[in-house]
Student: 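Mind having a look at this structure? Questions to follow.
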Amino acid sequence: MDLKSMLEQKNKKWKSEFKITETHSLPMYVICGKETGKTLVITAGVHGCEYVGMLTARKLYKNLNCQEMRGQVIILPLINEEGFYEESKQIVPMDGKNLNNVFPGRADGTISEKIAYAIEKDIYYHADFLIDLHGGDYNEKMSSLVFFPVEAKERVNAIAKEAAKRLPVSYRVQSIAKDGLYSYGTQCDIPAVLLEIGGEGKWQESEVTHCEKCVYHLMDYLKIIDFKEERSSQKEITQVIYEVAQANGFWYPMISLGKYVSKGEILGEIRNLEDEVLKRYTAAFDGEILYYTVALGVKEGDSLIAYGRE
Ligand SMILES: [Zn+2]
């Protein structure tokens with residue numbers, strides 16, 4: 001049965017496959033509620049070592065009850081399946097590309113571009129809303145946060161921002177990205193957000209539960225289920241600085257997650273093998289640390305740290 005026919009059914013769940021090419025497909029779950037309503041697309045595993053999202057996707061398939069749902073949920077739990085089994089940081093091993101910046105894809109491109117193309121053509125179309133589940137990669141410590149678009153159409157920005165506000169994470173961060181799975185979706189007029197929970201190539205059941213609750217809050221906002229629970233306060237980050245390594249070297253971060261930093265404070269240093277400082281990073285403004293790299297060895301161009309302010 002094709003996806004469109006599945007979505008027309010009521011009160012049913014499927015474990016299915018999403019076809020990318022004649023020889024490549026991805027696991028897909030489809031859950032149809034008892035009543036009509038909106039369609040939510042949930043994607044996970046764009047980056048192969050961000051485990052909390054993938055486990056949450058699997059858990060949602062098990063826990064969502066069709067009888068209590070209005071509308072449909074499409075879940076793609078393991079988009080970079082090869083990267084997951086290979087423990088590959090950021091990229092799809094087959095072509096060395098980062099799925100989060102190959103959108104829009106190409107029908108005749110490399111495997112990453114083909115995955116992107118298939119998602120645009122066959123998944124976006126059905127979505128009233130899309131959430132892409134990420135976390136820090138295995139070399140990153142990450143605060144729980146949600147990115148929402150500010151450079152899509154006004155209506156799309158507004159729906160996504162309201163959704164972001166509902167999620168129980170510490171920060172909602174304005175994003176101008178346009179070439180990723182969720183961000184290109186917003187350029188195609190689909191309200192979407194990117195959620196970050198977990199990091200360092202680890203996962204805990206409590207993080208999976210946290211991520212699952214975020215999705216339930218979103219589903220409540222979309223009126224697919226009823227889910228009322230107190231949310232903690234959230235800050236909106238309107239300005240972010242993303243520092244990248246300007247040289248290969250040894251990276252010494254001098255901050256911690258969620259720490260307030262003052263303008264001029266040292267955030268970290270890159271040193272050479274002889275322990276001489278090659279580059280020192282200082283805060284450009286008073287702000288909070290959103291995530292940073294914990295790996296000692298970094299190469300030029302690697303992400304080092306992101307901090308932002310309200
Ligand atoms: Zn990611």
Side-chain angles (χ1 to χ4, degrees), residues 26 41-58 75-103 105 111-113 115-116 119 123 130-149 160 164 167 169-186 192-204 207-208 210-212 214-215 218 237 240 242-244 257 289-295 298 301-308:
L26 297 176
V41 173
I42 301 169
T43 54
V46 161
H47 296 137
C49 301
E50 300 174 0
Y51 300 133
V52 173
M54 304 170 200
L55 292 172
T56 303
R58 197 174 68 171
I75 303 176
L76 295 168
L78 211 49
I79 298 227
N80 177 4
E81 196 173 14
E82 194 202 359
F84 172 70
Y85 291 117
E86 294 262 346
E87 298 166 64
S88 162
K89 185 182 72 152
Q90 300 282 331
I91 60 161
V92 175
M94 233 183 288
D95 61 10
K97 288 183 191 282
N98 182 342
L99 261 173
N100 222 20
N101 52 33
V102 299
F103 284 76
I111 188 66
S112 297
E113 291 163 337
I115 292 172
I119 289 170
I123 299 290
L130 185 147
I131 183 167
D132 192 21
L133 306 178
H134 285 247
D137 216 312
Y138 73 69
N139 59 335
E140 280 174 334
K141 268 193 197 286
M142 173 75 74
S143 293
S144 63
L145 57 87
V146 55
F147 287 104
F148 68 97
L167 306 188
V169 292
S170 313
Y171 307 101
R172 64 175 179 276
V173 183
Q174 296 188 356
S175 167
I176 57 168
K178 288 178 182 162
D179 56 358
L181 196 161
Y182 106 92
S183 55
Y184 188 67
T186 67
V193 295
L194 186 154
L195 180 64
E196 303 265 13
I197 293 179
E200 295 183 89
K202 297 173 187 162
W203 61 275
Q204 293 176 30
E207 292 171 319
V208 177
H210 179 195
C211 190
E212 188 184 11
C214 287
V215 175
L218 174 62
I237 302 295
V240 186
Y242 301 92
E243 293 283 13
V244 297
L257 274 191
I289 303 299
L290 303 176
Y291 60 86
Y292 65 96
T293 293
V294 292
V298 294
D302 278 354
S303 159
L304 291 180
I305 191 163
Y307 62 101

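Indexing begins at 1, ligand by ligand and atom by atom, following the structure's order. Sequential numbering from 1 along the given sequence is applied to the chain's residues.
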Student: Report the relative orientation of the aromatic rings in Phe103 and Tyr184; use parallel for angles under 30°, tilted for 30 to 60°, perpendicular for over 60°.
Tutor: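 Tilted: the ring planes of Phe103 and Tyr184 meet at 30° to 60°.
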
Student: Run the side-chain contact (heavy atoms from CB on, under 4.5 Å) test on Val244 and Leu304 for me, step by step, so that the C-alpha distance in whole Å, both residues' side-chain angles and the decisive distance to 0.1 Å come before the verdict.
Tutor: CA-CA 5 Å; Val244 297; Leu304 291 180; 5.6 Å; no

Student: Do His134 and Glu50 have side-chain atoms, one donor and one acceptor, less than 3.5 Å apart?
Tutor: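 The answer is yes; a qualifying pair exists.
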
Student: I'd like to verify the contacts: list protein N, O or S atoms under a distance of 2.8 Å from the Zn ion (ligand 1).
Tutor: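 The answer, once waters are left aside, is His47 ND1, Glu50 OE1, Glu50 OE2, His134 ND1.
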
Student: For Cys49 and Asp137, which heavy atoms make the closest approach, and how far apart are they?
Tutor: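 Closest approach of Cys49 to Asp137, heavy atoms only: CB-OD1, 3.4 Å.
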
Student: Hydrogens and angles aside, do Tyr182 and Ser175 bring a side-chain donor and acceptor to less than 3.5 Å of each other?
Tutor: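 Judged by distance alone, the side chains do pair up.
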
Student: Would you mind writing out the side-chain donor-acceptor pairs for residues 81-88 within the sub-3.5 Å range, not counting sequence neighbours?
Tutor:
| from | atom 1 | to | atom 2 | distance (Å) |
| --- | --- | --- | --- | --- |
| Glu82 | OE1 | Met94 | N | 3.1 |
| Ser88 | OG | Ile91 | O | 2.9 |

